[in-house]
Amino acid sequence: MTSLRQHLTKKKYKRIVLKPVGTGHLKFNARINGVEGEFILDTGASNTCIGFEDLERFKLFAEDSEVKAAGAGAIDMLTQISQDNLIEIESWSTKEISIVLFDLSHVNQALINHEAEPVSGIIGADILKIGKAVIDYQYNCLYLK
């Protein structure tokens, strides 16, 4: 019998090790437009998001968005959107990704309250769908194709 890892590796999936944090989230490094940061994986977030304060750091060109963000106790938050971005997670990458920018302070405050380091953003379901993601919670790994 083959393991999940062997099966997915044979299918050309890339394996990304995830680090658990005190909030129950899983954290990992990714590069946006060539700039590295730490991100949490959020299967409930429809889009990949970065905080307004990191707009220039990640070389994003943002425009106002009609979409209001909602999540984890915060609703109707103003957003901006940056289109045509490159995301790299270890050896996996995809181009032309739209990134939502919003006030990430409530996310980072929750992490700090659980003695975890703040993050640059959230990798959401948009990336998980593109990468045909498989999450192995037993071994804290993300597989992307």
Side-chain angles (χ1 to χ4, degrees), residues 4-5 7-9 11-145:
L4 178 63
R5 181 177 179 177
H7 175 73
L8 292 173
T9 302
K11 299 270 187 192
K12 305 288 187 227
Y13 274 78
K14 307 293 183 189
R15 180 177 177 262
I16 296 105
V17 176
L18 305 170
K19 298 171 280 195
V21 294
T23 56
H25 288 97
L26 298 168
K27 190 177 353 183
F28 60 99
N29 290 336
R31 287 178 306 283
I32 308 266
N33 300 324
V35 179
E36 189 152 333
E38 274 197 317
F39 295 83
I40 54 173
L41 181 64
D42 189 345
T43 60
S46 53
N47 295 90
T48 293
C49 306
I50 289 179
F52 285 128
E53 66 278 4
D54 283 328
L55 173 76
E56 290 180 14
R57 178 176 163 224
F58 287 108
K59 305 172 189 169
L60 303 174
F61 299 98
E63 1 179 283
D64 288 338
S65 171
E66 297 298 314
V67 176
K68 299 277 192 240
I75 58 169
D76 287 340
M77 294 182 291
L78 294 174
T79 63
Q80 290 184 317
I81 192 154
S82 174
Q83 299 180 11
D84 300 324
N85 297 285
L86 169 67
I87 296 185
E88 300 166 284
I89 304 170
E90 293 190 14
S91 61
W92 182 89
S93 68
T94 187
K95 295 178 182 174
E96 299 177 17
I97 290 299
S98 293
I99 295 175
V100 173
L101 289 108
F102 75 109
D103 181 359
L104 203 62
S105 61
H106 68 287
V107 172
N108 279 323
Q109 190 57 56
L111 289 168
I112 291 164
N113 290 348
H114 286 86
E115 298 177 7
E117 293 293 316
V119 294
S120 301
I122 298 165
I123 300 294
D126 53 348
I127 297 300
L128 301 177
K129 286 178 186 173
I130 290 167
K132 298 181 172 119
V134 175
I135 303 169
D136 183 346
Y137 286 101
Q138 181 179 359
Y139 294 105
N140 291 326
C141 292
L142 168 67
Y143 293 90
L144 297 171
K145 186 167 184 167

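Values below: every heavy atom of this structure, side chains too, minus hydrogens, waters and symmetry copies. Note that the numbering runs from 1 along the sequence shown for the chain.
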Residues which pass side chain to side chain donor-acceptor pair (under 3.5 Å) with Gln109, listed by chain and number, not counting sequence neighbours: Asn113
Residues forming a side chain to side chain donor-acceptor pair (under 3.5 Å) with Asn33, sequence neighbours excluded: Asn85
Report the distance from atom [atom1] of [X] to atom [atom2] of [Y], rounding to the nearest 0.5 Å.
X      : Y      : atom1 : atom2 : answer
Leu111 : His106 : CG    : NE2   : 10.5 Å
Phe28  : Glu90  : CZ    : CD    : 9.5 Å
Thr43  : Ile123 : OG1   : CD1   : 13.0 Å
Ile127 : Thr48  : CD1   : OG1   : 4.0 Å
Ile135 : Leu41  : CD1   : CG    : 4.5 Å
Leu18  : Ile40  : CG    : CD1   : 12.0 Å

Shortest non-hydrogen contact between [X] and [Y], atoms and distance:
X      : Y     : answer
Ala116 : Val21 : CB-CB, 4.1 Å
His114 : Gly22 : CD2-O, 3.7 Å
Pro118 : Glu38 : O-OE1, 4.3 Å
Ala110 : Thr23 : O-CG2, 3.7 Å
Ile81  : Ser98 : CD1-CB, 4.0 Å
Ala62  : Leu55 : CB-CD1, 3.6 Å

Is a side-chain donor or acceptor of [X] paired with a backbone partner of [Y] at a separation under 3.5 angstrom?
X      : Y      : result
Asp103 : Phe52  : no
Asp136 : Cys141 : no
Asn47  : Cys49  : no
Ser82  : Phe61  : yes
Arg15  : Leu144 : no
Ser93  : Ile87  : no

Cationic N near anionic O, under 4.0 Å, Lys27 to Glu117: no
Side chain to side chain, [X] and [Y], heavy atoms closer than 4.5 Å:
X      : Y      : result
Val17  : Asn140 : no
Ile130 : Ile97  : yes
Arg5   : Tyr143 : yes
Leu104 : Ile122 : yes

Whether Phe58 and Phe39 hold their rings parallel, tilted or perpendicular, with breakpoints at 30° and 60°: tilted
Exceeds 12 heavy-atom contacts within 6.0 angstrom, atom NZ of Lys145: yes
Lys19 atom NZ, neighbour heavy-atom count above 12 within 6.0 Å: yes
All side-chain contact (heavy atoms from CB on, under 4.5 Å) counterparts of Arg57, not counting sequence neighbours: Val35, Asp54, Ser120
